[in-house]
4 protein chains.
Amino acid sequence: MTAVKDRRTEILQASVKIFSKQGFHDAKIDDVAQAAGVAKGTVYQYFSSKQELFQEMIKYAVERYTFIVKEIVYGENDIEEKIYALAVKHGEFLKEHIEMAEVVPHQVNVSKEMRLWIMEQKKHLFLLLEEMIENGKNRGEIRKDVDKEIAVISIMGSLFLYYEKELREHRGMPQRSEPKPLVEFLMRALH
Amino acid sequence: MTAVKDRRTEILQASVKIFSKQGFHDAKIDDVAQAAGVAKGTVYQYFSSKQELFQEMIKYAVERYTFIVKEIVYGENDIEEKIYALAVKHGEFLKEHIEMAEVVPHQVNVSKEMRLWIMEQKKHLFLLLEEMIENGKNRGEIRKDVDKEIAVISIMGSLFLYYEKELREHRGMPQRSEPKPLVEFLMRALH
Amino acid sequence: MTAVKDRRTEILQASVKIFSKQGFHDAKIDDVAQAAGVAKGTVYQYFSSKQELFQEMIKYAVERYTFIVKEIVYGENDIEEKIYALAVKHGEFLKEHIEMAEVVPHQVNVSKEMRLWIMEQKKHLFLLLEEMIENGKNRGEIRKDVDKEIAVISIMGSLFLYYEKELREHRGMPQRSEPKPLVEFLMRALH
Amino acid sequence: MTAVKDRRTEILQASVKIFSKQGFHDAKIDDVAQAAGVAKGTVYQYFSSKQELFQEMIKYAVERYTFIVKEIVYGENDIEEKIYALAVKHGEFLKEHIEMAEVVPHQVNVSKEMRLWIMEQKKHLFLLLEEMIENGKNRGEIRKDVDKEIAVISIMGSLFLYYEKELREHRGMPQRSEPKPLVEFLMRALH
DNA sequence: GATGAATGAGGCTTCATTCAT
DNA sequence: GATGAATGAAGCCTCATTCAT
């Protein structure tokens with residue numbers, strides 16, 4: 001928000017970049033420090049351990065992701081536009097953090113509490129999206145007999161794989177792909 | 001199945017278990033050795049390094065997965081039955097190897113050649129499934145205007161997330177879930 | 001001499017001691033570290049591997065040896081005094097580094113480039129000494145028909161064996177032997 | 001002696017080749033076994049450990065060397081011919097065993113008893129050669145005021161370095177060099 | 001006797017973490 | 001607060017040695 005980012009946030013952002021590129025173990029504290037433009041020791045002034053840094057980084061990323069989803073879900077658009085927006089934003093987020101979104105839940109290096117917290121967040125996210133489906137039904141944009149849980153799974157699973165494939169196939173090239181056909185495909189199942 | 005398994009395969013199977021549970025870095029060679037019931041040194045009689053072991057393990061798992069998919073795709077059933085079978089088998093495979101299927105491509109610890117090989121396998125798998133969609137169209141089981149690439153992405157993405165969520169929510173409990181509703185949901189988009 | 005030695009040099013000097021006493025393989029990095037009064041890890045801050053440490057140590061020793069020889073060769077004394085000085089200094093050097101001088105070229109654990117460098121240094125040293133012989137001839141201290149290459153080989157070979165034998169026979173006892181007779185013997189062949 | 005060499009001797013000869021080329025530590029038991037054309041386990045049927053094998057190999061080499069020297073020293077030739085023969089035979093021996101002769105005494109991996117035995121052998125060898133000098137004096141081939149110990153040191157030191165240099169410079173090429181000039185140089189000091 | 005698969009002690013190396021400046 | 005040199009626990013890997021066949 002402010003023009004002056006504090007050190008902590010700088011390090012956190014460097015962490016996102018490094019951890020998502022290299023994974024927990026191959027990311028060295030030194031790499032993060034360099035990326036943040038500080039010395040190794042400085043990292044330890046803001047985070048007590050590599051674990052904690054990793055967890056805080058996840059929190060940071062997950063919260064940003066949740067924020068993005070919330071904005072879309074609570075927006076004014078109809079359901080198709082919302083799903084389309086989800087797709088686009090998800091793609092942007094992935095391009096920034098590469099595998100983060102998917103790797104995160106598989107990473108072993110989080111505390112039990114953290115794992116629970118992540119599950120909580122995921123659940124929260126799903127509920128949010130299920131709410132979106134429910135609203136769609138009420139507004140007549142979605143068939144009444146659609147199972148909202150199934151719908152969310154299918155939408156998000158499709159998006160994940162769509163962008164993972166795109167990233168895999170066009171690695172490096174920042175080409176903007178058009179998820180419209182995918183969204184239309186999904187709408188056929190929903191409407 | 002057979003009473004006589006050679007050491008290499010024993011170690012490979014132990015690797016699948018250990019690596020998929022702990023990830024590359026947290027899995028110690030000693031863990032694998034113990035799981036295979038041999039001494040640390042023995043692992044090195046069959047694999048020249050931890051890296052190689054990991055890669056051979058992936059190969060082993062990917063090939064098994066591909067075999068399963070092939071059996072289904074080339075089977076006699078109609079498209080809905082095939083997707084249902086894919087779902088069930090995918091679920092079984094995941095239960096065995098947990099996160100393997102999804103973590104694999106993100107793992108940093110594979111050689112460039114291996115990464116290419118995996119991408120090749122993925123591409124192969126997708127082509128196989130696209131063929132399945134195409135056949136479905138020809139048999140009138142799938143609408144003609146369905147994009148086969150989109151369809152495969154949506155099907156597989158949905159399956160991945162469906163079982164990931166299930167594993168997350170019922171971790172440990174080997175309860176058999178019923179993917180019929182998901183398949184029916186997908187069929188609405190396809191038919 | 002100076003009160004302030006940098007860590008790198010400290011470790012290098014400890015290496016000379018340890019490697020020359022124990023040889024490449026029997027010298028443990030931990031031994032070197034302890035001899036230098038630092039922790040194992042510290043060695044790796046200054047040298048990337050045991051190999052590199054070994055090679056740098058050789059460089060260090062060879063350069064000191066060459067320096068000593070140069071001082072003598074370019075000094076003001078006559079040829080007999082120079083050979084005597086070479087003998088004495090060689091003995092002192094050996095007492096410090098024991099077998100270093102002779103073992104070095106046979107050690108397997110040097111890179112090809114290093115081996116070439118050592119050969120280059122040896123060649124350089126021989127040329128230096130041949131120059132000394134040539135000067136002796138010009139000053140009438142050495143017969144004109146003496147082959148300078150043969151002369152250098154005989155002088156240095158005699159010195160090597162003389163001190164090796166002495167070290168072997170009086171191992172430990174730092175008794176100062178008198179190489180005068182050997183020098184006089186060599187002078188009979190030269191003059 | 002017999003046309004059929006027993007296994008033990010075969011392994012011993014393979015050891016000479018391997019140890020002299022690679023040094024104690026870099027020579028693997030497997031290398032020796034392969035060179036001898038037997039399996040690893042077989043080596044242990046004849047030698048209880050790598051150490052013992054190494055020591056027996058040294059014994060074998062030293063005894064052969066001593067035998068060669070004895071033949072020359074007790075031969076009928078005059079002193080110059082004997083020194084010449086020593087040079088030629090020493091060169092041949094070195095070409096076969098490369099650095100063996102010089103590396104042996106520096107090797108750390110011999111028991112205290114072995115080290116003592118080697119020193120004993122060396123002393124014996126030197127006494128033999130000093131006897132040769134003494135005989136030369138008695139026959140009037142060598143000046144009376146020559147110190148026999150010094151003479152032997154100078155002769156053998158010169159030979160060692162002469163052939164080491166030759167091997168270094170013409171590594172690989174089996175060219176027969178002519179040590180006559182060196183011998184004549186030494187004779188000037190002796191006569 | 002001969003074999004070579006299995007073993008596990010031991011050493012090099014990495015890197016998270018500390019702490020004096 | 002910031003730094004980065006020093007530390008040492010921990011893990012991969014090698015290879016001498018054993019032993020069942």
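It should be emphasised that the depicted structure is a prediction, and the values quoted were computed from it without experimental measurement. Numbers restart at 1 for each chain; the letters A, B, ... are given by sequence-line order, proteins then strands. The basis for the numbers below is simple: all heavy atoms, side chains too, and nothing from hydrogens, waters or symmetry mates.
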| Taking it one step at a time, do A/Asp26 and A/Lys21 satisfy side-chain contact (heavy atoms from CB on, under 4.5 Å)? | CA-CA 9 Å; A/Asp26 286 328; A/Lys21 203 184 308 175; over 6 Å; no
| request: Give the intermediate values and the outcome of side-chain contact (heavy atoms from CB on, under 4.5 Å) for residues A/Tyr46 and A/Leu53. | output: CA-CA 9 Å; A/Tyr46 296 93; A/Leu53 175 60; over 6 Å; no
| field | B/Lys50/B/Phe54 under side-chain contact (heavy atoms from CB on, under 4.5 Å): CA gap, chis, key distance, verdict | value | CA-CA 6 Å; B/Lys50 190 181 179 184; B/Phe54 184 66; 5.7 Å; no
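Across all strands shown, C/Ala33 has no heavy atoms under 4.0 Å from either base or sugar-phosphate atoms.
Protein atom CD of D/Gln22 is 16 Å distant from nucleotide atom P of F/dT14, rounded to whole Å. The interatomic distance linking B/Ile29 (CD1) with F/dA10 (P) rounds to 18 Å, in whole Å. Between the NE2 atom of C/His25 and the P atom of F/dC15 there is a distance of 9 Å, rounded to whole Å. Atom NZ of D/Lys50 and atom C1' of E/dG10 are 14 Å apart (whole Å). Atom NZ in B/Lys28 sits roughly 17 Å away from atom P in F/dA9 (whole-Å rounding). When rounded to the nearest whole Å, the span between OH of C/Tyr44 and C1' of F/dT7 equals 14 Å. Going from atom CD of A/Gln34 over to atom P of E/dC15 covers 13 Å, rounded to whole Å. Between A/Asp6 atom CG and F/dA2 atom C1' there is a gap of 16 Å when expressed in whole angstrom units.
The shortest non-hydrogen separation linking B/Ala27 to B/Gln22 is CA-NE2, 3.5 Å. Residues A/Thr42 and A/Arg7 approach most closely at CG2-NE, 4.4 Å, considering heavy atoms. The two residues D/Ser48 and D/Glu52 come nearest to each other via the heavy atoms OG-OE1, 2.6 Å. Between C/Ser15 and C/Val32, the shortest heavy-atom contact is OG-CG1, 3.5 Å.
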Distances under 3.5 Å between protein N/O atoms and the N/O atoms of nucleotides 4-8 of chain E, please, pair by pair.
{"residue": "E/dG4", "atom": "N7", "partner": "D/Gly41", "partner atom": "N", "Å": "3.3"}
{"residue": "E/dA6", "atom": "OP1", "partner": "B/Arg7", "partner atom": "NE", "Å": "3.1"}
{"residue": "E/dA6", "atom": "OP2", "partner": "B/Tyr46", "partner atom": "OH", "Å": "2.5"}
{"residue": "E/dA6", "atom": "N7", "partner": "B/Gln45", "partner atom": "NE2", "Å": "2.9"}
{"residue": "E/dT7", "atom": "OP2", "partner": "B/Ala39", "partner atom": "N", "Å": "2.8"}
{"residue": "E/dT7", "atom": "OP2", "partner": "B/Thr42", "partner atom": "OG1", "Å": "2.4"}
{"residue": "E/dG8", "atom": "N7", "partner": "B/Gly41", "partner atom": "N", "Å": "3.3"}

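For DNA chain F, runs of at least 3 consecutive pairs of the Watson-Crick or G-U wobble type, with both hydrogen-bonding distances under 3.5 angstrom, map to E:2-21 with F:2-21.
D/Phe19 and D/Phe24 have parallel rings, their planes meeting at less than 30° on a 0 to 90° scale where 60° marks the start of perpendicular.
Judged by distance alone, the side chain of C/Asp31 and the main-chain N or O of C/Lys28 form a donor-acceptor pair under 3.5 Å.
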